[in-house]
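Note: hydrogens, waters and symmetry copies are ignored here, and every other heavy atom, side chains too, is used. Letters A, B, ... are given to chains in the order of the sequence lines, protein chains preceding strands, and every chain is numbered from 1.
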Amino acid sequence: MSTVRCRIAPSPSGFLHLGTAKMALFNHLFARKMGGTFILRLEDTDAARTEEEFVSAMCEGFKWLGIDWDEGPAFGDEPEKGDYGPYRQSQRRDLHVREGLRLVEEGKAYKCFLTREEIAAEREAARRENRSFHSKWRDASPDEVAAMGDAPHVVRFRVPEGATVIEDLVQGTVRTENREIDDFVILKPNGDPIFHLAVVVDDGMMKITHVIRGDDHLTNAFRHVMLFNALGYDLPRFAHLPMVLDEAGKKYSKRMRGANVLDWRDDGYLPQALINYVALLGWTPEEENRELFTPEELQAHFTPDRWGKSAARFDLKKFNWLNGQHIRMLSVEELLDLVTPILEKAGFDLGGRSRPWLLQLAAMCREKLHTLNDIVAQTDFFFQDITEYEEKPVKKHWRKDDAAERMARLMAAMESVNDWTHDGIKAAYAKLAEETGEGLGKLVHPTRLALTGKSVGPGLFELAELLGKEECLKRMRAGLEYVKSL
RNA sequence: GGCCCUAUCGUCUAGUCUGGCCUAGGACACCGCCCUUUCACGGCGGCGACACGGGUUCAAAUCCCGUUGGGGCUACCA
């Protein structure tokens, strides 16, 4: 058996779409699992929509996700590689045209001189009579064709008699009567190839063995199979995967946030989490009840069967959870490196902070993050003064008759701490709790409010240690003043 | 309109091919309890689905037919 060759063939019209990323991932995983070759081909035939800027944006998307390819064009800052080039469809036009014309010579396609008006009329008639479109040029004699000379025309594929059957790896056996399919155009009046011809010529000449793509191409596959046969290429296996839907169950619109995979990077998600989540949207692991996979594990466990056939919605809640799981698998060092630019972007001055201090900061947040960006709300009080206190905890902890008194006691306890560490501070608080007979919570909450302005955040004692004794006392003093003013 | 694909908890899904082990399993979300200085994490429990209607069968989520919902294709787009 020949070794597996599969491909992703995106149209570089702006950025790497989430749906394209899913198809790329499944192709990539499949190729890796089967020890095959994964090919990247740019379908940039629509020259008007293709700009180099778009190409490199798309390349960035692939790289962020960690999807690498064995053969492909010069792409972003990647050089061209592979022996089946060129890998840009626009550079293969001569090949497409040559093969299209070959079909005409072999009688498998024909020149059609129908005018726009004639086409419209025939189309309407066909629809009315519930039959497929028919061009009178299909049966024209060589003399009739010759008589037309160079008059404007398209080249249509002569759809053969019979039926076409696809043994789809995902959808199973799919069949259609060929009479359902019109003689479709393969070469435009200006000589340009049409998509269907171009993909088949490219897939055929690149010796693609497995065409794994979105199920929006399922019915196109009938045309493709006929073209493969007419051109005499080896027929690849097909796998038409369901597409990714948004949370409303609609097609994931280009304009929606998240359509661009790099949106997720900007929103604080990890590429390995996105890969993991998207893989789960259409694939179930053999190992039941397992969902968490690193990219390496995914490759090891990926099974070419067990592909779902119905469309799946992108559920942000679940993705948030999964992203949190992946964040927890990061080392503190890795997390800090990822989070540093985010903190800087938030305007926090990290200049004076030591590496150990920052590592502690990252460590205390790791278990609490769903996205990397959550770090900002978790740690902002370290980098800026408290300008206001959350209303709810103020009401709960400070609008009490004994609040001021308690705050004063807490300050005194703090002041007495010599060993300003998590343990040292905690010990002082525990001691105070014991003396006054109050629960530790009664002491912790008002303190947290003074130090952070909020009711939620990292553990109080570790946070206090990082903040420093002096700063803590300063904030306690300010808190006490505030309590008195109530 | 025609053709093709699809349909299990709110969401992602296991189970469907090879009918009985399914009074339908897991995950996210939600609710409750526990752990706990808060949140989060973790543990325990709860809520919650075989789209509908006909068959076939001793027996159907599983097989067949129909209906309905969703998606796609039907271009001188890709």
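The salt bridge (Lys or Arg N to Asp or Glu O under 4.0 Å) contacts involving residues 210-229 of chain A comprise nothing, where partners must be two or more places apart or lie in separate chains. The side chain to side chain donor-acceptor pair (under 3.5 Å) pairs that include a residue from residues 151-166 of chain A are A:T164-A:N178, where partners are two or more places apart or lie in different chains. Pairs engaging residues 450-462 of chain A under the side chain to side chain donor-acceptor pair (under 3.5 Å) rule: A:D380-A:K454, A:E390-A:S455 [sequence neighbours left out]. Sorted by first and then second residue, the ring pair (Phe, Tyr, Trp, His ring centres under 6.0 Å) pairs involving residues 430-451 of chain A (not counting sequence neighbours) are A:H397-A:H445. Counting only residues at least two apart or in different chains, salt bridge (Lys or Arg N to Asp or Glu O under 4.0 Å) contacts with residues 432-453 of chain A comprise A:R406-A:E438, A:R409-A:E438, A:K431-A:E435.
Residue A:H217 is in base contact, counting any heavy-atom pair closer than 4.0 Å across all strands shown. Contacts of A:K251 with the nucleic acid, taken as non-hydrogen atoms under 4.0 Å apart, involve only primed sugar atoms and P, OP1 or OP2. Among the atoms of the strands shown, none is found under 4.0 Å from any heavy atom of A:K392. Contact annotation for A:N320: no contact, since no heavy-atom pair falls under 4.0 Å across all strands. Within 4.0 Å (heavy atoms only), A:N220 reaches at least one base atom of the nucleic acid. No engagement by A:R290 is indicated, since no non-hydrogen atom pair under 4.0 Å with the nucleic acid exists.
For A:N373, there are no side chain to side chain donor-acceptor pair (under 3.5 Å) partners at least two apart in sequence or on another chain. Here A:E388 pairs with nothing under the salt bridge (charged side-chain N to carboxylate O under 4.0 Å, His left out) rule; sequence neighbours left out. Partners of A:T20 under the side chain to side chain donor-acceptor pair (under 3.5 Å) rule, at least two apart in sequence or in another chain, do not exist in this structure.
In this structure, of B:C4, B:U6, B:A75, it is B:C4 that holds the atom nearest to the side chain of A:F222. Picking from B:A29, B:G2, B:C4 the nucleotide with the shortest atom distance to the side chain of A:E180 gives B:G2.
Inspection of the A:N27 and A:H210 side chains reveals no N or O donor paired with an N or O acceptor under 3.5 Å.
The distance between atom CZ of A:R213 and atom P of B:C4, rounded to the nearest whole Å, is 18 Å. Here B:G71 presents its C1' atom at 13 Å from NZ of A:K22, a figure rounded to the nearest Å. One atom, NE2 of A:H224, and another, C1' of B:A78, lie 10 Å apart when rounded to the nearest Å. Remark: C1' of B:A78 and CG of A:L42 are 13 Å apart, rounded to the nearest angstrom.
Ring-centre distance between A:Y87 and A:W69: not below the 6.0 Å cut-off. You'll find the ring centres of A:F113 and A:W137 inside the 6.0 Å limit.
In terms of phosphate contacts, A:R175 brings no side-chain nitrogen or oxygen within less than 4.0 Å of OP1 or OP2 of B:C5. Between B:U6 and A:Q171, a contact under 4.0 Å exists linking OP1 or OP2 to a side-chain N or O.
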Quiz item: Base, backbone or nothing for each nucleotide of nucleotides 41-48 of chain B, written B, S, -, heavy atoms under 4.0 angstrom, 5' to 3'?
Solution: SS------
Quiz item: Which parts of nucleotides 32-39 of chain B does protein reach within less than 4.0 Å, heavy atoms only, written one letter per nucleotide 5' to 3' as B for base, S for sugar-phosphate only and - for none?
Solution: -----BBB
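Near RNA chain B, defined here as any heavy-atom distance below 4.0 Å, the residues from residues 188-196 of chain A are A:K188, A:P189, A:I194, A:F195, A:H196, listed numerically.
Of the candidates A:L330, A:I375, A:L359, A:L343, A:L336 forms a side chain to side chain contact (heavy atoms under 4.5 Å, CB included) with just one, namely A:L359. Between A:N323 and the choices A:L369, A:T371, A:D267, the side chain to side chain contact (heavy atoms under 4.5 Å, CB included) rule is met once, by A:T371.
Here the side chains of A:L25 and A:L65 are not in contact, with every heavy-atom distance at 4.5 Å or above.
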Enumerate all atom pairs, one protein N or O and one N or O from nucleotides 11-15 of chain B, separated by less than 3.5 Å.
| from | atom 1 | to | atom 2 | distance (Å) |
| --- | --- | --- | --- | --- |
| B:C12 | OP1 | A:R313 | N | 3.2 |
| B:A14 | OP1 | A:T284 | OG1 | 3.0 |
| B:A14 | O2' | A:E288 | OE2 | 3.4 |
| B:G15 | OP1 | A:R306 | NH2 | 2.9 |

